[in-house]
Undergrad: 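Structure below; questions to follow.
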Amino acid sequence: MDAYELLTRNAEEVVTDEEVRDLAEDPAGKRAYVGYEPSGVLHLGHLLTANKLIDLQDAGMEVVVLLADVHAYLNEKGTFEEIRDTAEQMKAQFLAYGLDEAQTEFVYGSEFQLEEEYTLDLHHLERETTMNRAQRAMAEIQGDETAKVSHLVYPLMQTLDIEYLDLDLAVGGLDQRKVHMLAREKLPELDYDVRPAIHTPIVADLTSGEGKMSSSEGISISMEDSTEELEEKVNSAFCPPTREPEDDLENPVLELFEYHVFPRFEEVVVERPDKYGGDLTYEGYEDLAEDLDSGELHPADAKGTLASYLDELIAPGREKLRELRS
RNA sequence: CCGCCCUUAGCUCAGACUGGUAGAGCAGUCGACUGUAGAUCGACUUGCCCCCCGUUCAAAUCGGGGAGGGCGGACCA
């Protein structure tokens, strides 16, 4: 797989394609980042972007994981001590999941976001940005909460992070797109370079198949699920025997295969009793999706298989969490 | 600082005028039917009624105080 394909596969959006193609010409040593508000347990939403980070590392890029403690503080996620504690757990789980330690730099926001130069730049950016513009960038992340000044500062800091972390690429879920667009618009106004952005899709809600727009709300599968819980959750997922359900719904089981399983496994084996046709082997997502669509692969078998592969992906992180908590 | 409106189940809200310790829809849980889930049908669960004080035999409801949220307070209309 060439570098461009590694950078862009499974991405919902690439901004801009031209810039990313340039980056793919010589990716070695280039720096990409994702920012996360620290949380103690990783869920599928985190892992989706982590898969992209692994792709980037495979292409030779350096990955910066921003443990966004100041952002979490702005979002009232706890005291700095609590936030830092969950951030350490988060870091351990990312490494257990498969990020390459040698190519990953974990950075706390508070390490540089409280410096004088950064702060002054932030104030500069505040002067350059209307409240309307900042709020629009945050709408997706903020949800229904009442707007606070902190919500306006939040996306401005993300904009500066891209400069201060010396990045070549910003990565995030599709919910980050407005923030990244704000950054692309504002960085030149401060005489900084524009960086491209790659956005991962938002997977539909597991039980309803609805979504594409809501952020991490509906995602229920996490690093702390036991094998049994995982099986139960996957089994209760919405899964019509089609690729494209009616009424604008998605098939979340297929989405999980596409975005979580196939990027991490060379082949997927569906174990089936002989009476249902015996085992099936897939080397790519397309073949599996086509078989589900045609009826060759029954949803129940797809679910069983999905659960066991997800379990394998989650197992090391689950183990790490257990260690940390004991 | 001043004024008006809102706060009841996870969510959206009814109930308040005419006090008698709460309801609907959606969601959720469980069964039936499907080799999954959904849909459908059947059953079921859910509450510091924002807080405090007072009136009363009795307060979600009346009175006072407070908190949180929304909106308004130039001109124009």
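Below, chains carry the letters A, B, ... as their sequence lines are ordered, and counting in each starts from 1.
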Undergrad: Can you tell me which residue pairs pass the ring-ring contact (aromatic ring centres under 6.0 Å, His included) test with a partner in residues 67-87 of chain A, sequence neighbours excluded?
TA: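 Found A/His71-A/Tyr154, A/Tyr73-A/Phe80.
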Undergrad: List in chain and number order the residues that pass salt bridge (Lys or Arg N to Asp or Glu O under 4.0 Å) with A/Glu189, two or more places apart in sequence or in another chain; answer none if no residue qualifies.
TA: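 Expected list: A/Lys186.
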Undergrad: Could you identify the nucleotide paired to B/U40, looking across every strand shown and requiring Watson-Crick or G-U wobble geometry with both distances under 3.5 Å?
TA: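 In the structure as shown, B/U40 has B/A32 as its Watson-Crick or wobble partner.
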Undergrad: Can you name the salt bridge (Lys or Arg N to Asp or Glu O under 4.0 Å) partners of A/Arg322, sequence neighbours left out?
TA: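 For A/Arg322, the residues satisfying salt bridge (Lys or Arg N to Asp or Glu O under 4.0 Å) (neighbours in sequence not counted) are A/Glu319.
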Undergrad: Can you sort out the partners of A/Arg318 under salt bridge (Lys or Arg N to Asp or Glu O under 4.0 Å), two or more places apart, ordered by chain and number?
TA: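 Result, salt bridge (Lys or Arg N to Asp or Glu O under 4.0 Å) vs A/Arg318: A/Asp311.
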Undergrad: List in chain and number order the residues that pass side chain to side chain donor-acceptor pair (under 3.5 Å) with A/Glu13, two or more places apart in sequence or in another chain; answer none if no residue qualifies.
TA: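 Side chain to side chain donor-acceptor pair (under 3.5 Å) list for A/Glu13, sorted by chain: A/Arg177, A/His199.
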Undergrad: Can you tell me which residue pairs pass the ring-ring contact (aromatic ring centres under 6.0 Å, His included) test with a partner in residues 290-326 of chain A, sequence neighbours excluded?
TA: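 Counting only pairs at least two positions apart or across chains, the ring-ring contact (aromatic ring centres under 6.0 Å, His included) contacts touching residues 290-326 of chain A are A/Phe265-A/Tyr309.
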Undergrad: What residues from residues 296-308 of chain A pass a heavy-atom cutoff of under 4.0 Å to RNA chain B?
TA: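 Heavy-atom cutoff 4.0 Å gives A/His298, A/Pro299, A/Ala300, A/Asp301, A/Lys303.
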Undergrad: Can you name the residues that form a salt bridge (Lys or Arg N to Asp or Glu O under 4.0 Å) with A/Asp301, not counting sequence neighbours?
TA: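 A/Asp301 satisfies salt bridge (Lys or Arg N to Asp or Glu O under 4.0 Å) with no other residue.
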Undergrad: So which of residues 228-237 of chain A are in contact with RNA chain B, with a heavy-atom cut-off of under 4.0 Å?
TA: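 Under 4.0 Å from RNA chain B: A/Asn235, A/Ser236, A/Ala237.
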Undergrad: Does any residue of residues 279-293 of chain A have a heavy atom under 4.0 Å from RNA chain B, and if so, which ones, in number order?
TA: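 The answer is none.
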Undergrad: Under the criteria of a ring-centre distance below 5.5 Å and an interplanar angle below 30°, is A/Phe238 stacked with the base of B/G38?
TA: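 Per 5.5 Å and 30° rule: no stacking.
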Undergrad: Using a cut-off of under 3.5 Å, enumerate the N/O to N/O pairs linking the protein to nucleotides 68-70 of chain B.
TA:
residue : atom : partner  : partner atom : Å
B/G69   : O3'  : A/Thr146 : OG1          : 3.4

Undergrad: Are A/Phe262 and A/Tyr282 an aromatic pair, judged by ring center distance below 6.0 Å?
TA: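 No, ring centres 6.0 Å or more apart.
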Undergrad: Who pairs with A/Gln113 by side chain to side chain donor-acceptor pair (under 3.5 Å), at least two apart in sequence or on another chain?
TA: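 With neighbours one apart ignored, the set is A/Asp161.
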Undergrad: For residues A/Thr200 and A/Glu12, is any side-chain donor paired with an opposing acceptor at under 3.5 Å?
TA: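 Side chains of A/Thr200 and A/Glu12: no pair found under 3.5 Å.
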